[in-house]
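Below is one structure, written out as structure tokens, with a few remarks after it.
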Amino acid sequence: MRRAGVAGRGRPWMDGRTVEERYQPRSIEAKWQRIWEERGLFAPRPGGEKFYLLEMFPYPSGRIHMGHVRVYAIGDAIGRSLCMKGRRVLHPMGWDAFGLPAENAAIQHRTHPAQWTRENIAYMRGQLRRLGLSYDWSREIATCDPAYYKWEQWIFLRKLERGLAYRSDAYVNWCEHCETVLANEQVEGGLCWRCEGPVGQKRLSQWFLRITAYAEELLAGCDHLPGWPERVLTMQRNWIGKSTGAEIDFRLEGRDGAIRVFTTRQDTLFGATFMSLAPEHPLAVELTRGTACEAEVKAFIDRVVVQDKFRRGAEDYEKEGIFTGAYCLNPMTGGRMPIYVANFVLMDYGTGAVMAVPAHDQRDLDFARKYGLPVIVVVQPEGARLDSPTMAEAWTGPGVMVNSGPYDGMTSEAFKRAIVDDLERTGRGKASVNYRLKDWGVSRQRYWGAPIPVIHCGRDGIVPVPDGDLPVLLPTDVALTGHGVSPLASLESFVHTRCPKCGGAARRETDTFDTFMESSWYFLRYLDPHNDGAPFDREKADAWMPVDQYIGGIEHAVLHLLYARFFTKVLRDLGLLGAGEPFGNLLTQGMVRKENPKTGKIEKMSKSKGNVVDPEELIERYGADTARLFILFAAPPEKDLEWSDTAVEGAFRFLSRVWRLVAQTRDAIAGVAPTPAGSALTTAQAALRRRVHQTIKRVSDDLDGRFHFNTALSSIMELTNALYAYEDDGSPASRAVLREAIEALLGCLHPFTPHVTEELWEALGHDRTLVETAWPAPDPSALEADDITIVVQVNGRLRDNIRVPRDATKEQVVEIALASENVRRHAGGAVKKEIYVPGKLLNLVV
RNA sequence: GCCAGGGUGGCGGAACUGGUAGACGCAGGAGACUUAAAAUCUUCCGGCUUGACGAAGCCGUCCGGGUUCGAGUCCCGGCCCUGGCACCA
């Protein structure tokens, strides 16, 4: 038992009380978690406007980390405040359960990925419940559940029917020693993470989704997502990378055929002096077949192709190439252009062939100087003369055409259009649009993923698994060794099947889907999670979509968010829903970072880096409310947060302060109505009331779209400080002000620290939970004071603060300002100009 | 390398639209209460200079320039840090 101490002195409502209760979160939190759940408060409540609130679902890696606490505390603060504002909130949770770590853990710990995943889900679900998050658990899904991936397979088959899925060769990382495919993450500095052997590239036939068919719509959609952060839209636009230019054919010399290039600089065509091919370009091999160059070129290609992913793009990567011995012809000049294979030309972009214009492209210029190739200036910049033999820097800007036959003297901008007409007329090229975006390779040579539902038949080729046979179940009896191409390929019982068309013996596809497939439509499955006749019901989808607020890490700015947009558009075109965009508003939360013990650098917290902080200990020791308060108070959500262990204590201290405040005030305000508006108030009462309503307004604004929880919380702390400083005179007016203040404090704080506020709310005599109580409303008449402070500057430097009546005119403000001794001292008598920002600032220029 | 973002006290951060830089909190100092400690309460807390002790002045938001009556905020050029780069999710 403790004495209240000095806290009560001079404050009649605290006098002599013994405070028996100390803030002890453990029992309180369990109690309220139980009550919320028993009353089913987090299923969408009838009435009110719909609000679909969604945070990116977690990968069940084992235990939650601080990044999870952050994103789910953010979502919960938004969700609870919306509930209080009367919205019909849908707030589901599930598990992104397929993925590589389960397989690694299985190999390492001799467990099964399914078991490992199930155990992790069970554990993490418990952790999320202990955080007191407002989820509707009846909608929980796990993507490794056949009831989920059945519909993913179904969606894939619809794409296959529409030509949106196709097969093509692609390279994967290949460790010769382990004889296995490696993810990029499993390659460290070009070496295998297990055996540290060299990693090469292996060509495999794989499945692709034709996301490029939606490139234009995905790009255009970026202009109609006002609720997304501009920086995410910028990254998506750049990722799609639309460029307009021309396709031009360069005839081969001495044989049939041509090399097609895409260029945005068709205006420099007269200056194209050689051709660069990607090593993967089919002509690279074909042109040298049977020639003296064959062996050398093949060796070069083999070397580059095997290395490319890791070497290309590396800082010290030397640009190099090799001559094929063949030539093509410049369509305008007829000049002979030697054809090179160059390591910096990418097969994925454009046509895999680049017309090289050394005078107007730096890379081409470096290459030309290195291999002694001609440089011809065709665009002369204004006010300078480029000299082909000596120039060291390529000119990439606009100018006037030279060395371009009949087009000399034209501006390069005008010529860009003119040459396209010329090329089209003569059939040597045409206007063209190119995207940097590539089709999405979805085949993985992994076990722990959704099987790709196709069958390879010797007679009928690729045959889709009939809808009635879905799902293609992932077998459980597979041996994971970390060796071999696809784990499923070694499982005879899985591989051998019958062709659905001819009934003959056939083989199943043994690759599984990229796990981004699951996360591209899970937000739709939440709307109808138990449907076994369709992925989801259209009516339900139309009732809830789009997601009103999506929250997740900035690291997903491009891939996941773009894939989800793509899926939504495809499903819309399949007639499965009306919405064409999945997420109306997006909040990208910054990362929680910490020093990586291996590198000593401050990096994103991740298990693979070994720099995670386990929130469990924090919750054990201080409770979920403190953990949530701490992480929300530490920084605004979109900013990165560098972890420090020190400040948690302060968050707990604040909640204890609130606890004591209510415990000590409770009797004084018991049975009092919180309605001081009509009464005549003293200055101190009016000041507290003003503070209360300013706080409500501030917190409401910060929660509504701005999401600056840290400043919302700081204003709640200021209100708490004001309440501690307030001296109650025991009058009915004072008690009403006090009651109103305490209730507003608890209401404003509830979205952030729900358990402690519920407990205190109940202690004030309320039967209804705070979640079901209306959000406090600011009273505009209580917000303004009679006097305001004006900042007085002289020549932009602060010289004084003055108090003036709220409705003072500029002349009055200047008069009062000049009465200030300090202002007079600096201004002298010679004020040249008065700049007055009404209600804020006066700057006297002398 | 390419794309995107960030840099403010000892620390996390605040300053929302170009208008008082450092709210709120952490850490720290001093004091009250206590036999003592913890807890709690009061108070100080960017640097420098002056001070008749009320205060006043100068410098200060990564660095260098610029625009403006006024710049943490806008513009130009650097440096450093972080995320993503298509098989971690």
Side-chain angles (χ1 to χ4, degrees), chain A residues 2-7 9 22 56 58-59 61 96 98-101 104 172-173 181-187 229 231-232 234-235 237-239 241 312-315 317 344 348 436-446 514-516 519 553-560 562-563 590-591 593 601-604 606-608 630 633-636 638-642 644 646-651 653-654 656-657 660 701-702 706 708 710-711 713-718 721 724 789-798 800-801 822 825 832-835 837 840-846:
Chain A
R2 277 154 195 282
R3 300 275 311 162
V6 239
R9 279 197 300 164
R22 202 167 58 131
M56 291 179 188
Y59 177 79
S61 54
D96 191 11
F98 276 138
L100 192 55
N104 292 332
V172 293
N173 303 315
V181 176
L182 298 175
N184 287 344
E185 198 195 40
Q186 297 173 310
V187 182
R231 68 158 151 161
V232 174
T234 305
M235 280 191 265
R237 287 188 186 105
N238 292 343
W239 187 262
R312 294 191 193 188
E315 234 163 283
Y317 189 57
F344 58 86
D348 297 325
R436 207 188 68 97
L437 182 69
K438 297 186 289 193
D439 277 337
W440 173 14
V442 295
S443 294
R444 295 292 179 270
Q445 297 71 42
R446 300 278 156 64
D514 177 7
T515 58
F516 274 121
S519 54
I554 182 69
E555 66 269 29
H556 297 289
V558 177
L559 292 180
H560 160 61
L562 195 64
Y563 292 150
M591 274 148 305
R593 301 189 321 216
K601 285 187 165 179
I602 309 293
E603 292 170 332
K604 153 174 125 168
S606 85
K607 218 174 176 186
S608 59
F630 167 69
F633 183 60
E638 72 277 8
K639 266 193 86 164
D640 283 353
L641 193 156
E642 196 183 315
S644 93
T646 53
V648 184
E649 199 73 46
R653 202 177 302 158
F654 168 70
S656 303
R657 246 166 99 73
R660 273 199 317 277
D701 290 349
D702 278 346
R706 206 167 97 102
H708 278 203
N710 56 332
T711 53
L713 285 163
S714 74
S715 62
I716 294 172
M717 289 175 183
E718 285 177 291
N721 292 343
Y724 266 91
T789 303
I790 299 283
V791 169
V792 185
Q793 297 181 330
V794 178
N795 288 342
R797 311 196 67 119
L798 174 71
D800 208 352
N801 289 301
N822 209 31
R825 193 147 55 82
K832 266 199 293 208
K833 201 167 152 191
E834 297 148 356
I835 293 154
V837 183
K840 270 197 143 166
L841 172 140
L842 175 70
N843 187 14
L844 303 172
V845 185
V846 298

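As the structure is a prediction and not an experimental result, all values here were calculated from the model.
Pair check for B/C33 finds none; no Watson-Crick or G-U wobble contact set falls under 3.5 Å. B/G19 is paired with B/C69 under the criterion used here, namely a Watson-Crick or G-U wobble arrangement in which both key atom distances are under 3.5 Å. Base pairing analysis places B/A55 opposite B/U50; the two distances defining the Watson-Crick or G-U wobble pair are each below 3.5 Å. When Watson-Crick and G-U wobble pairs are counted only if both distances are under 3.5 Å, B/C2 pairs with B/G84.
Rounded to a whole Å, the CG atom of A/L798 is 5 Å from the C1' atom of B/U20. Separating the CG atom of A/L841 from the C1' atom of B/G18 is a distance of 11 Å, rounded to the nearest angstrom.
Not counting sequence neighbours, the partners of A/A557 by the side chain to side chain contact (heavy atoms under 4.5 Å, CB included) test are A/V232, A/M235, A/I554. Evaluation of the side-chain hydrogen bond (donor to acceptor under 3.5 Å, both in side chains) rule for A/N104 yields A/R194 as partners, not counting sequence neighbours. For A/Y563, the ring pair (Phe, Tyr, Trp, His ring centres under 6.0 Å) criterion is met by A/W440, A/F516, not counting sequence neighbours. Contacts of A/H708 classified as side-chain hydrogen bond (donor to acceptor under 3.5 Å, both in side chains), with partners at least two apart in sequence or in another chain: A/E638, A/R706.
Note on A/H556: a base of the nucleic acid sits closer than 4.0 angstrom, heavy atoms only. If you check every strand for non-hydrogen atoms under 4.0 Å, A/P636 touches sugar and phosphate atoms only. Residue contacts for A/V837: at a heavy-atom cut-off of 4.0 Å it reaches a base atom on one of the strands shown. Across all strands shown, A/S61 has no heavy atoms under 4.0 Å from either base or sugar-phosphate atoms. If you check every strand for non-hydrogen atoms under 4.0 Å, A/E638 touches nothing. Among the atoms of the strands shown, base atoms are found under 4.0 Å from some heavy atom of A/N843. Here A/F516 lies in heavy-atom contact (under 4.0 Å) with a base. Note on A/G590: nothing from the nucleic acid sits closer than 4.0 angstrom, heavy atoms only. Within the nucleic acid shown, A/R444 comes within 4.0 Å of at least one base atom, counting heavy atoms only. Within the nucleic acid shown, A/Q793 comes within 4.0 Å of at least one base atom, counting heavy atoms only. Residue contacts for A/R706: at a heavy-atom cut-off of 4.0 Å it reaches a base atom on one of the strands shown. Residue A/L641 is out of contact with every strand shown, counting any heavy-atom pair closer than 4.0 Å. Within the nucleic acid shown, A/A557 has no heavy atom closer than 4.0 Å to any nucleic acid atom.
Phosphate contact (OP1/OP2 of B/C41, side-chain N/O of A/R660, threshold under 4.0 Å): present. Between A/R797 and B/C59 there is a side-chain N or O to OP1 or OP2 distance below 4.0 Å.
Between the side chains of A/R436 and A/N238, no donor-acceptor pair of N or O atoms lies under 3.5 Å. Using modelled atom types and a 3.5 Å distance limit, the side chains of A/D702 and A/T711 yield a donor-acceptor pair.
Here the side chain of A/M235 is nearest to one of B/C3, B/C85, B/G7, namely B/C3. With B/A89, B/U20, B/A4 as the choices, the nucleotide that has an atom nearest any side-chain atom of A/N801 turns out to be B/U20.
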Under-3.5 Å N/O pairs linking protein and nucleotides 23-31 of chain B:
residue : atom : partner : partner atom : Å
B/A23   : O2'  : A/E718  : OE2          : 3.1
B/G25   : OP1  : A/N721  : ND2          : 3.1
B/C26   : OP1  : A/R653  : NH1          : 2.8

What protein N or O atoms touch nucleotides 49-56 of chain B N or O atoms at under 3.5 angstrom, if any, and at what distances?
residue : atom : partner : partner atom : Å
B/A56   : O3'  : A/R825  : NH2          : 3.4

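Between the side chain of A/D800 and the main chain of A/V792, no donor-acceptor pair closer than 3.5 Å is present.
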